[in-house]
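Each remark here refers to the structure printed beneath this line.
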Amino acid sequence: MDSQSQNTSLQRLQNVEKRIVRVLELAGGVMDEMANPSGPRKELINNHCSEFMQLIKDIQVTLREEIKSACEYRPFEKCDYVPRISNEICCKKLEYVISQFDNMKQTIEGYHAAALDHMALD
């Protein structure tokens, strides 16, 4: 996640925080209106509830997007350390196997030479 996308993500989350504060203010406003001794004003409650629901939806959408974006973030995706080390280990294994084959070849050649010498003596 580059610096620019981190900043915009942080800004979106700060906006969510502001919306949450506004949601709480609206809920408090409705509670105050419901406690009004002269009775609640229906239009004010309707407006507050409509704004409340819209803000809740906006908050949900933004948070889903941010969570999805955070889940897609792969900081080591382009790192080649693991494949490079795996290749180096494979090379070392191959070098070892080749050296073992060379030793086997020398041993076989030694047996072959000894067999020829033995046959020449007979």
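Between E25 and R22 a salt bridge is recorded (basic side-chain N to carboxylate O distance below 4.0 Å).
One distance of note links OG of S99 with CG of L94; it measures 11.0 Å at 0.5 Å rounding. Considering CE of M53 and CD1 of I56, their distance stands at 7.0 Å, rounded to 0.5 Å. The CD1 atom of I20 sits 6.5 Å away from the CG atom of L63 when rounded to the nearest 0.5 Å. Atom CD1 of I45 is separated from atom NZ of K42 by 10.0 Å, given to the nearest 0.5 angstrom. The line from CG of L24 to CG of L55 is 10.5 Å long, rounded to the nearest 0.5 Å.
What you find for M34 and P40 is that their closest heavy atoms are SD-CB, 4.0 Å. Across every non-hydrogen atom of V23 and F52, the tightest pair is CG1-CE1, 3.1 Å.
Considering R12, R19, K57 in turn, R19 is the only one that fulfils the side-chain hydrogen bond (donor to acceptor under 3.5 Å, both in side chains) rule with T62.
Side-chain N/O atoms of Q54 and D58 include a donor and acceptor closer than 3.5 Å.
Counting only heavy atoms from C-beta outward, the side chains of V97 and Q100 never approach each other to under 4.5 Å. Two residues are said to be in side-chain contact when any heavy atoms from C-beta on lie closer than 4.5 Å; R84 and E88 meet this criterion.
Of the possible donor and acceptor atoms, one in the side chain of T107 sits under 3.5 Å from a partner among the backbone N and O of N103.
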